[in-house]
Amino acid sequence: MSADTICKTIHQYNREPVSAQDMRKLQEIAEDYSRVKNYVYDRFGGIGSLSKLYPGYTVQNEMTESGLRTKLALPSVYFYLAVFDALGEIKGQWTRTKTKIAELISGNERFSTEEKHYLRFLLRISNIFESVLNHTPSVLPKEIQKQYDMLSEQVDTLKLHRYLCRQVRRYHRKPHTEYALGFSIAERAYRYADHGIYISTKEKRKRIFIPLTDNNQYNSQLYIKLYPDQCRIEIKAPIYVAVNHYQDYLNQIGISFGMNTMLTTDKGNCYGEELGRYQREYADWMRKQTGSYNRNRKNNPGRKKYKAKKRRFEEQLHSYINHELNRLLKIEKPQTIYMVKLPRPHAGSTNRRVNHSLAMWQRGYIRSRLSQKCRENSVNLVEVLGKDISNECSCCTAVGIKKDGIFSCPFCGYCVEEKTNTARNVLNRGMDGKVLN
């Protein structure tokens, strides 16, 4: 992908309710797709299959010989997409396992610097990592072998190998899915025509037709998400679009996030001031619905209306967030935006209403949409070091006092709105190069 293009996901929807018969055919594909993925997870998700994961053709060949496709009567256009989809998730799971172990190594004070260096080397070199876990000899290129020999002379390798194996057993999990509500589909398995899409089924030369709300046509791998209880589907299509370049986007800005006001800049400009109200309305409704559902669990009439209204709340929130982010870019015209990493929610209050509001904070969605819009408009998004950033005076760097949303510094007398002070600290740290890599 060129640096001047970016991948976006476009959504398409059915114009008319999908018939029960057609939905059942799509569900059969989704169920078999899920079975294939779970088979791959179970067979290739452990340490014994590490050598087969890259580039993955060994897995493909073994899956062909397994006879599972014939048993399920699943077309190859779905079968092999399921195989490589599962393979990608297995690789992702191994990455998460290595990241977790690397964090444990860094925080283990019993290890010397040499031992930590050796363990990180094992995690980084796939051949050695695999051989340690499987207790087999490794074949390495000459330069890497030389480095490995030098590092191993400085430490007790047996002890460290046991530690690594122990941590992998503790933290690594084979992926598994219980859901069968969607599947990927290759170009050969669909065709756009007649203001809709024809999708291949498990029956030979049989396709079902679904009229769509738009006439857009795509020629890439799609993802079909099913909503059987609503008789509808959602099609996700990746497309590549040109990145916007604006000559007047020259400003450097710092931003701080909040639950009530979504974003505050270093100049004190606020965006998303109604976010708190939207989130409270959503949280209060969810809290009432949860209580009502628990009280009437035996005689509950169904969740169709609940899901529909929940979706409307989320769409309203997301629409407002996107509108305010667009307004931020249009008004501030940034070349670079500095921000701190968004914190995880901590529902530690004794007030249940507050806890529900914290749980509904759309921090992940805000972060992902801001990142996407920055890429679309050639804006640099940089994360800065965030330790004690809200307690520091942006004028003299002393520790100040926060009360009723106002920050005041007892040393220099500086007084400003709390979020504005944080945003100015973000900008200062960004300009000073105190950023996260």
Side-chain angles (χ1 to χ4, degrees), residues 1-11 216 236-279 282 313-343 360-386 389-390 394 416-437:
M1 184 173 60
S2 169
D4 291 327
T5 60
I6 187 171
C7 183
K8 293 182 65 176
T9 301
I10 302 299
H11 299 257
N216 297 333
K236 299 180 181 181
I239 64 169
Y240 293 96
V241 297
V243 172
N244 298 318
H245 296 278
Y246 299 102
Q247 294 184 355
D248 58 341
Y249 276 35
L250 302 173
N251 297 322
Q252 311 281 322
I253 68 169
I255 59 173
S256 62
F257 295 93
M259 279 189 58
N260 294 314
T261 298
M262 182 174 72
L263 294 174
T264 304
T265 70
D266 57 281
K267 293 183 175 62
N269 299 331
C270 297
Y271 299 91
E273 294 175 281
E274 295 296 312
L275 181 67
R277 179 176 64 82
Y278 282 121
Q279 290 186 145
Y282 184 22
F313 268 115
E314 291 176 347
E315 288 173 352
Q316 183 185 45
L317 257 174
H318 293 172
S319 177
Y320 179 71
I321 289 169
N322 280 290
H323 176 269
E324 291 299 295
L325 291 177
N326 289 336
R327 195 165 70 89
L328 166 76
L329 295 176
K330 185 178 180 180
I331 294 175
E332 300 294 336
K333 302 184 185 303
Q335 183 183 65
T336 303
I337 296 178
Y338 295 102
M339 58 169 281
V340 292
K341 188 175 182 179
L342 283 169
M360 293 299 161
W361 186 20
Q362 302 287 307
R363 68 200 181 285
Y365 184 79
I366 294 170
R367 175 65 175 83
S368 65
R369 294 307 298 158
L370 177 61
S371 177
Q372 176 76 9
K373 290 180 183 296
C374 285
R375 290 198 298 269
E376 291 175 6
N377 294 282
S378 304
V379 176
N380 297 319
L381 185 63
V382 181
E383 289 186 339
V384 305
L385 298 172
I389 199 163
S390 64
S394 58
V416 72
E417 199 273 330
E418 179 185 332
K419 295 295 182 182
T420 303
N421 179 72
T422 302
R424 290 176 181 173
N425 281 329
V426 170
L427 178 62
N428 292 339
R429 292 190 184 187
M431 299 297 286
D432 292 340
K434 298 177 182 179
V435 302
L436 299 174
N437 296 324

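- With sequence neighbours excluded, the residues forming a side chain to side chain contact (heavy atoms under 4.5 Å, CB included) with E418 are K402, listed by chain and number.
- The ring pair (Phe, Tyr, Trp, His ring centres under 6.0 Å) search around Y271 returns none, not counting sequence neighbours.
- Residues passing the side chain to side chain contact (heavy atoms under 4.5 Å, CB included) test with E273 are T261, C270, sequence neighbours excluded.
- Nearest heavy atom pair, residue T9 against residue H11, reads O-CD2, 3.7 Å.
- When the side chain to side chain contact (heavy atoms under 4.5 Å, CB included) test is applied to S319, no partner is found at least two apart in sequence or on another chain.
- When the salt bridge (charged side-chain N to carboxylate O under 4.0 Å, His left out) test is applied to D432, no partner is found at least two apart in sequence or on another chain.
- Remark: K267 pairs with no residue by the salt bridge (charged side-chain N to carboxylate O under 4.0 Å, His left out) rule, at least two apart or across chains.
- Applying the salt bridge (charged side-chain N to carboxylate O under 4.0 Å, His left out) test to E324 and every residue at least two apart in sequence or in another chain returns R327.
- Judged as a salt bridge (charged side-chain N to carboxylate O under 4.0 Å, His left out), and not counting sequence neighbours, R375 has no contacts.
- For N269, the side chain to side chain donor-acceptor pair (under 3.5 Å) partners are E332, not counting sequence neighbours.
- The side chain to side chain contact (heavy atoms under 4.5 Å, CB included) check on N326 picks up K373, with sequence neighbours excluded.
- The salt bridge (charged side-chain N to carboxylate O under 4.0 Å, His left out) contacts involving residues 238-251 comprise D248-K333, where partners must be two or more places apart or lie in separate chains.
- Between Y320 and Y278, the two ring planes are tilted [angle within 30° to 60°].
- F313 is listed as a side-chain neighbour of Q316, based on a closest heavy-atom distance under 4.5 Å.
- Applying the ring pair (Phe, Tyr, Trp, His ring centres under 6.0 Å) criterion to H318, with sequence neighbours excluded, gives Y365.
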